[in-house]
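Bear in mind that the values here come from a model prediction, so they are computed numbers and not experimental data. For reference, positions follow the sequence shown, starting with 1.
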Amino acid sequence: MRNLGPYSGDDFQFHQNILASKRNSALDPDYKARVSGHNPNIEAKFDEYRIAFNSNSLESLTSHPFSDIDRADINRLYSFKSKLIQELKIDITTTESNRIMNTCQNCTISEVNSFDHYIPKEEYCEFVVNPKNLFPSCTRCNSFKNAVWKDENDNGLFLNLYLDELPEEQYLFVNLEFEDGVVIANFSLDNPNGIDGSLYDKIVSHYSRLYLLERFTENMDSVMVTLENTINSFKGRLPIAEIVDSILENSERNKQYFGHNYWKSIMEIALVSNEDYLSRFI
């Protein structure tokens with residue numbers, strides 16, 4: 001899990017470009033004119049969003065009282081498959097090294113195949129194509145998040161990976177158990193390194209509501225197979241200690257790229273640091 005850079009262009013111009021790309025249909029020849037009529041209100045709400053975004057206080061925003069019909073019209077602006085939305089996906093997921101990171105950073109498990117509306121479009125239709133409100137995500141994270149995004153005290157329940165700077169300190173841990181030669185991994189969160197309390201609470205909420213600890217365990221086989229293949233490929237040519245050092249070095253590099261608490265690196269390090277696990281290769 002790592003932070004991504006938000007859209008750097010004119011956010012309301014992006015909204016207008018989306019609207020301009022839409023077509024009226026024979027059954028609804030006035031669609032674009034109806035939505036255009038809402039632009040003054042939407043632009044005003046974009047100004048409010050921009051201010052709240054810059055101060056990381058999006059939870060303080062209120063929605064415009066559009067009618068249900070108007071809300072449905074405006075929400076039709078969003079389509080994940082549209083050309084402009086796909087260009088936005090590429091722009092946001094392209095790293096400093098000019099590589100596209102197509103892994104959902106909300107979970108670091110699945111591929112990006114949707115955009116999460118950080119502020120839900122069901123309640124805030126005015127931000128349905130606000131590029132700073134769109135975060136590349138997988139559909140599974142999107143389905144878990146749904147329209148719930150803050151608690152009754154206006155505290156965010158999910159990390160905003162444009163705004164909430166992830167700590168370098170470790171907070172994700174894994175405990176390994178062995179039953180009849182089978183590895184059982186139990187992931188957990190803890191704060192022994194003094195991460196800011198409010199940020200840590202949001203991390204716990206994010207991981208809990210997206211079922212990340214359980215999903216890491218579900219997907220642990222992808223780590224196990226790759227790691228075992230690596231060890232078996234080199235164990236006849238290199239001492240096991242050198243293989244372990246190489247794996248640890250690679251895991252640390254991956255943490256620099258994929259995030260300091262990248263679950264695969266956390267598990268790899270735990271495995272090759274475990275004597276019971278290594279004994280099967282000696």
For this session: Using the six-membered ring of F144, assess whether NZ or CZ of R209 lies under 6.0 Å from its centre and within 45 degrees of the ring axis.
Result: no
Exercise. At what distance, to the nearest 0.5 angstrom, does SG of C138 lie from CD of E111?
Worked result: 9.0 Å
Exercise. Backbone N or O of K132 within a donor-acceptor pair of the N130 side chain at under 3.5 Å?
Worked result: yes
Exercise. Salt bridge or not for K150 and D154, using N-O below 4.0 Å?
Worked result: yes
For this session: Name all residues meeting the side chain to side chain contact (heavy atoms under 4.5 Å, CB included) criterion together with A270; count only those two or more places apart in sequence or in a different chain, and write none if there are none.
Result: V174, L176
Exercise. Does R99 make a cation-pi contact with Y257, if we ask for NZ or CZ under 6.0 Å from the ring centre and within 45° of the axis?
Worked result: yes
Exercise. What class does the angle between the rings of Y124 and F127 fall in, given that below 30° is parallel, 30 to 60° is tilted and above 60° is perpendicular?
Worked result: parallel
For this session: Spell out, as yes or no, whether a donor-acceptor pair under 3.5 Å connects the side chain of N153 to the backbone of N155.
Result: no
Exercise. Is the side chain of S55 donor-acceptor paired with the backbone N or O of A52 at a distance under 3.5 Å, no angle test?
Worked result: yes
Exercise. Does Y118 have K145 sitting over its ring (NZ/CZ under 6.0 Å from centre, angle to axis within 45°)?
Worked result: yes
Exercise. For atom CZ of F173, is the number of surrounding heavy atoms from other residues, nucleotides or ligands below 6.0 Å larger than 12?
Worked result: yes
Exercise. Sub-3.5 Å donor-acceptor pair from the side chain of T226 to the main-chain atoms of V223, do we have one?
Worked result: no
Exercise. Counting N and O atoms only, with roles assigned by atom type, does the side chain of S57 sit under 3.5 Å from a partner on the main chain of F53, one being a donor and the other an acceptor?
Worked result: no
For this session: Keeping the roles fixed (side chain from H117, backbone from L134), state whether a donor-acceptor pair exists under 3.5 Å.
Result: no
For this session: Determine yes or no for a side-chain-to-main-chain donor-acceptor pair under 3.5 angstrom, with D190 supplying the side chain and L172 the backbone.
Result: no
Exercise. Is the shortest distance from a Lys or Arg side-chain nitrogen in E168 or R2 to a carboxylate oxygen in the other one below 4.0 Å?
Worked result: no
For this session: Run the numbers on D11 and H15 for side-chain contact (heavy atoms from CB on, under 4.5 Å), then give the verdict.
Result: CA-CA 7 Å; D11 45 15; H15 166 93; over 6 Å; no
Problem set entry | R253 (side chain) donor-acceptor with L248 (main chain) under 3.5 angstrom | no
Problem set entry | Min side-chain heavy-atom separation K45-I42 under 4.5 Å | no
Exercise. Would you call K264 and E268 a salt bridge, taking side-chain N to carboxylate O under 4.0 Å as the test?
Worked result: no
For this session: For the pair D28 and R34, find out whether any cationic side-chain nitrogen is under 4.0 Å from an anionic carboxylate oxygen.
Result: yes
Exercise. Quick check: does any side chain N or O of N232 sit under 3.5 Å from a backbone N or O of E228, one acting as donor and the other as acceptor?
Worked result: yes
Problem set entry | Backbone of A20 reached by a side-chain donor or acceptor of K32 within 3.5 Å | yes
Exercise. Quick one: which of Y162, Y49, Y7 gives a side chain to side chain donor-acceptor pair (under 3.5 Å) with N133?
Worked result: Y49
For this session: Would you mind listing every ring-ring contact (aromatic ring centres under 6.0 Å, His included) that reaches into residues 175-204, with sequence neighbours excluded?
Result: F187-F216
Exercise. Is the number of heavy atoms from other residues, nucleotides or ligands within 6.0 Å of CD (E165) greater than 12?
Worked result: no
